[in-house]
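Data first, discussion second: the structure below is written as structure tokens.
Chain letters run A, B, ... following the sequence lines, proteins first and then strands; every chain starts at 1. Values below: all heavy atoms of this structure, side chains included; hydrogens, waters and symmetry mates excluded.
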Number of protein chains: 2
Amino acid sequence: MPDTITERCEAMGLRMTDQRRTIAAVLQETHDHPDVDELYARASARDPRISIATVYRTVKLFEEAGILEKHEFGDGRARYEDAERDHHDHLIDMHSGEVIEFCDPDIEKLQEKIAAKLGYRLKGHRLELYGVPIKKD
Amino acid sequence: MPDTITERCEAMGLRMTDQRRTIAAVLQETHDHPDVDELYARASARDPRISIATVYRTVKLFEEAGILEKHEFGDGRARYEDAERDHHDHLIDMHSGEVIEFCDPDIEKLQEKIAAKLGYRLKGHRLELYGVPIKKD
DNA sequence: TTAATTGCAAAGTTTTTGCGCACAC
DNA sequence: GTGTGCGCAAAAACTTTGCAATTAA
């Protein structure tokens, strides 16, 4: 599997325009979960020719190609992240909206176990835990 | 804790209009995760005087009162369910959008464990597992 | 009585799309 | 060269809100 987003786009046979390269580069350097407005702002800073319509079209294209993951964390906007980042799950603070990443080997096993219990194999699982995290004393 | 949604509304001191009673009754009998359009359709069938603006205002009110849970399962529409149903989690089929409910005692324990590992106590947790479930042979 | 709630229509947000021009292949 | 992608602006989809009339308590 190629490493960068741009390389994966090329491997998928996507036509690479300047706009797509810029958006791919922005996503590559991103380690949070930007929404379209945020991606548009970051991409525009590098190349003012980019329109927000192209950002919408591009993230949809990349998501359908399996290059990006789309999330809806509860604020009404879609958020995106690189689908090939090291696997992790999300804890979403329902009060503040903050997203905390975590990875736990036990929960990885459980995801498979739960699917098996329900009679399924699970393709491409990911997990979101919603709650109000309160700092322990 | 009172049992029905209407009773919980009254216990919270919410002013109970005919519209709110109708929407509460619809939610009470609902065992899926309807969006606002669907709730509006079901409520309108009982009382055509209800407007969609009232449905939006009412689900928001009920959610803020802790009577309903709001979900965004990835299709861009908010969905609602009774917050006092027996605790369960959701497996969302990323391919079809279908929502499968499940409950697993091990994962209940893990939700607390993960929060503790991250240094938190968790208030009101719930969990969503996204993947493409494939029926086992 | 009176403050809260409603319906309606307008407006706000987020996302998609039609079209003529431009570009990647 | 040709089919795909782009910017722009309009539209669609979802949600919120201002206002005058109505209603619960």
(Q) Rounded to whole Å, please give me the gap between CG in A:Leu14 and C1' in D:dT4. (A) 12 Å
Q. OP1 or OP2 of D:dC14 sitting under 4.0 Å from any side-chain N/O of B:Arg77?
A. yes
Q) Whole Å only: how far is the OH atom of B:Tyr40 from the C1' atom of C:dG7? A) 10 Å
Q | d(CZ, B:Arg49; P, C:dG7) in whole Å | A | 8 Å
Q. Which comes earlier along DNA chain D counting from the 5' end, the contact point of B:Met16 or that of B:Asp75, where each point is its nearest nucleotide?
A. B:Asp75
**Q.** Side-chain N or O of B:Lys60 closer than 4.0 Å to phosphate OP1/OP2 of D:dT15
**A.** no
Q. How many angstroms lie between atom CD1 of B:Ile5 and atom CZ of B:Arg21, to the nearest 0.5 angstrom?
A. 13.5 Å
Q. Between C:dG7 and B:Gln19, is there an OP1 or OP2 to side-chain N/O distance shorter than 4.0 Å?
A. yes
Q: For the pair B:Phe73 and B:His71, name the ring-plane relationship: parallel under 30°, tilted 30 to 60°, perpendicular over 60°.
A: parallel
Q | Side-chain N or O of B:Tyr56 closer than 4.0 Å to phosphate OP1/OP2 of D:dT15 | A | yes
Q.
In whole Å, I'd like the distance from the CZ atom of A:Arg20 to the P atom of C:dA24.
A. 11 Å
Q: Specify the separation, in whole Å, of atom CG of A:Asp35 and atom C1' of C:dT14.
A: 10 Å
Q) Does OP1 or OP2 of D:dT4 have a side-chain N or O of A:Thr17 closer than 4.0 Å? A) no
